[in-house]
Amino acid sequence: MEDASVNGGAEEAQQSEVDADRDRIRVLSGATDTAASFQFEGEDHTLGNVLRYIIMKNPDVEFCGYSIPHPSETKMNLRIQTYDGVNVYDVLEKGLDDLMDLCDVVINKFTIARDDFNARRGQTA
Amino acid sequence: MPVPSHEELERRRRVGINAETVADVTSTDFPGHWPGENHEWNLDHFSNTFKVQFHTNAHFDSSFSLIGLDASVANAFRRILLAEIPTLAIETVYMVQNTSIIQDEVLAHRLGLIPLKGDRKALNWLRWCKKATEDDPEGNTPTDYNTIILELKMKCEWQEGGLERAAAGETDPDKLYKNHSVYAKDMVWKPVGKQSEVFAADRPIEPVHPDLLIAKMRPGQRMDMSLHAVKGIGQDHAKFSPVATASYRLLPTIDILSPITGTDAKKFARCFPKGVISLQPLTSKDVESHPELEGKEGEVKAVVSDPMRDTVSRECLRHPEFKDKVKLGRVRDHFIFRVESTGQWDSDELFLESVRLLKVKCQRVKRGLDAMNR
């Protein structure tokens, strides 16, 4: 009985996760292939500012900016405009991929530096 | 494609600090900012230039430098550390009896703020316990996989002969009463269902600081309550924040443009915290390159020895004799992080978790993007 309720909970959690993914991002009206505003649900300056930075690093991007339209709504708007013929969706996707690569590098280098530091401290102590 | 010189790149890394103003605050490493230069995101370039230096690393406190990052990325890590890493904290208190002078709601709030620790792997296994809201009146019922139950049962009584001693004028509560102080260690974890298997026996759920004083009682007063702890994030309530503080500052720079010597040097050193400026004797080489120092050989000069200890008080800029001899600044991409854990995590692990979480956030958005395009 105990087990059944545990498994039931897992499936339920997975289903709600899929639903949550769908509601996580939407495109605001007036979007074209080269200019669109995305609305992120449940995101704030944390992701907004890094995404803006990494997308602005893309030379195909004419403009990228983010805003939080209202402080008591958990929504974040991200505007992307690209130069001729470059698809905004691809640009957003590339931004996310670049950011994930960045995280991997940070994790790697941080772990190495920490282990080095701990080992050296172990020797002197 | 023009490539800026090393000096130019170093100049661009500096944020200027003047007596009353700051200069060159925003980063300019974007395509299109500098004509003809390439500032496109390049992973190889990033992994070659990004550096980590550790300064201290302890359970409750670690400090390290991240060099070569943009402020937006460093700030994302900091914000995730404060508000988005899940921890366990007491969320609901069921009071059977509380006759202490601390009111129920005040006591419940105090209990919520007590940092708890336990088997990290098992805490990861723990699921969210969603509260019933207006949109979702159901919520989750507490079960073994989303709720940790602690019990707090204390009763204050007279010691043997305490009453007589009190009548005789004794005032020391240690000599009069039993259980007059309720400490965090008096909360006892009651494993439910699978919890006793999942949690390693040597790492039970317990308060990080066992001697934290919760309340004081007098004979006849009693506490009997059951505490439900759940997983949550700092965004929801500060009690879930895994850090006491997580902050960063930029590495200060002090450039001495022309030599500061003699009594001036001593005065200059006093403008900074201890250890930032050291005094060294003038060498014949200094005199050669600065003819105005003729005959001052053997006097002391000010040398910057540890700018990291500077608090950037700008005191030196208040004195006219130093005004044109020194340039203060900060390195735009050198972040000195300080992470102080509340005890549920190791401080260095916390930072790693924040980076992992940023990646998870990206993956989530990507999945959302896929779902939207489908």
Side-chain angles (χ1 to χ4, degrees), chain A residues 2-3 5-6 9-10 13 17-18 20-27 38 40-62 74 89 92-114 116-118 121, chain B residues 27 29-32 38-43 46-47 50-57 62 64 66 69-73 75-80 83-84 127-128 140-141 143-146 193-194 235 348 351-352 355-359 361-374:
Chain A
E2 188 83 87
D3 258 35
S5 85
V6 169
E17 197 115 295
V18 172
D21 282 342
R22 193 162 306 138
D23 300 336
R24 196 151 272 139
I25 182 169
R26 74 187 183 93
V27 181
F38 299 91
F40 295 72
E41 177 59 53
E43 295 297 347
D44 54 10
H45 297 281
T46 307
L47 193 67
N49 203 16
V50 264
L51 261 186
R52 180 203 57 97
Y53 164 74
I54 207 101
I55 291 172
M56 277 172 75
K57 281 290 239 181
N58 188 337
D60 292 332
V61 174
E62 182 191 27
T74 58
Y89 297 92
L92 178 55
E93 197 137 339
K94 181 184 181 318
L96 291 164
D97 287 335
D98 288 344
L99 201 52
M100 285 192 274
D101 294 341
L102 181 147
C103 289
D104 288 335
V105 172
V106 174
I107 288 176
N108 256 328
K109 291 236 178 170
F110 185 88
T111 315
I112 293 169
R114 180 197 55 185
D116 261 17
F117 180 80
N118 286 348
R121 198 176 43 173
Chain B
S27 40
D29 55 339
F30 296 107
N38 180 21
H39 285 284
E40 186 177 356
W41 170 253
N42 183 325
L43 187 64
F46 177 72
S47 36
F50 178 66
K51 279 193 208 72
V52 181
Q53 285 169 2
F54 258 83
H55 308 308
T56 55
N57 187 23
S62 77
F64 46 87
L66 304 183
L69 274 181
D70 187 73
S72 61
V73 184
N75 196 41
F77 295 149
R78 184 192 62 85
R79 285 175 63 97
I80 292 174
E84 291 183 52
R127 297 232 190 85
W128 305 100
N140 289 143
T141 42
T143 58
D144 53 347
Y145 61 84
N146 64 20
K194 274 198 168 167
Q235 222 158 41
D348 51 348
F351 178 77
L352 282 173
V355 185
R356 279 185 216 118
L357 250 165
L358 183 62
K359 200 180 165 189
K361 280 162 90 80
C362 293
Q363 285 163 341
R364 250 189 257 155
V365 171
K366 259 194 102 171
R367 281 203 309 270
L369 205 61
D370 283 347
M372 186 180 69
N373 287 335
R374 234 182 276 134

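Convention: sequence-line order gives letters A, B, ...; per-chain numbering from 1. Note that the coordinates shown come from a computational prediction; the quantities given were computed from them, not determined experimentally.
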Legend entry - Atom group of B:Thr141 that falls short of 4.5 Å from chain A, counting heavy atoms: neither

Inset, instruction - With a 4.5 angstrom heavy-atom cut-off, could you sort out which part of A:Asp60 is near chain B: side chain, backbone, both or neither? - result: neither

Legend entry - Pairs of heavy atoms under 4.5 Å with chain B: top-ranked of A:Asn108, A:Asn49, A:Ile112, A:Val106: A:Val106

Inset, instruction - For chain B, find which of A:Ala113, A:Pro59, A:Gly42 contributes the most heavy-atom pairs closer than 4.5 angstrom. - result: A:Pro59

Legend entry - Residue selection (most heavy-atom pairs with chain A, distance under 4.5 Å) from B:Phe64, B:Phe54, B:Phe50: B:Phe54

Inset, instruction - Would you please classify the geometry between the A:Phe110 ring and the B:Phe351 ring as parallel, tilted or perpendicular, with 30° and 60° separating the classes? - result: tilted

Legend entry - From A:Ile25 atom CD1 to B:Lys366 atom NZ, the distance as rounded to the nearest 0.5 Å: 12.0 Å

Inset, instruction - Report yes if the side chains of B:Met372 and A:Tyr89 come closer than 4.5 Å at any heavy-atom pair, otherwise no. - result: yes

Inset, instruction - Answer with side chain, backbone, both or neither: which region of A:Asp101 has an atom nearer than 4.5 Å to a non-hydrogen atom of chain B? - result: both

Inset, instruction - Give the member of B:Asn57, B:Leu43, B:Val73, B:Leu69 that has the highest number of heavy-atom pairs under 4.5 Å with chain A. - result: B:Asn57

Inset, instruction - Would you mind checking if A:Asp44 and B:Arg79 are paired as a salt bridge, meaning a charged N to carboxylate O distance below 4.0 Å? - result: yes

Inset, instruction - Check whether any side-chain heavy atom of A:Lys109 sits under 4.5 Å from a side-chain heavy atom of B:Lys51, and report yes or no. - result: no

Legend entry - Toward chain B, the part of A:Asn118 with a non-hydrogen atom under 4.5 Å: side chain

Legend entry - Max heavy-atom pair count under 4.5 Å with chain B, selected residue of A:Arg52, A:Glu41, A:Glu93, A:His45: A:His45

Legend entry - Contact check, side chains of A:Leu47 and B:Leu358, non-hydrogen atoms, under 4.5 Å: yes

Legend entry - Minimum heavy-atom distance between B:Lys359 and A:Cys103, given as atom pair plus value: N-SG, 4.0 Å

Legend entry - Part of A:Phe117 lying under 4.5 Å from any heavy atom of chain B: side chain

Legend entry - Per-residue contact mode, A:Val27 against chain B (heavy atom under 4.5 angstrom): both

Inset, instruction - Answer yes or no: is there a donor N or O on one side and an acceptor on the other, between the side chain of A:Lys57 and the main chain of B:Asp29, under 3.5 Å? - result: yes

Legend entry - Closest heavy-atom pair and its distance - A:Val50, B:Ser72: CG1-O, 3.4 Å

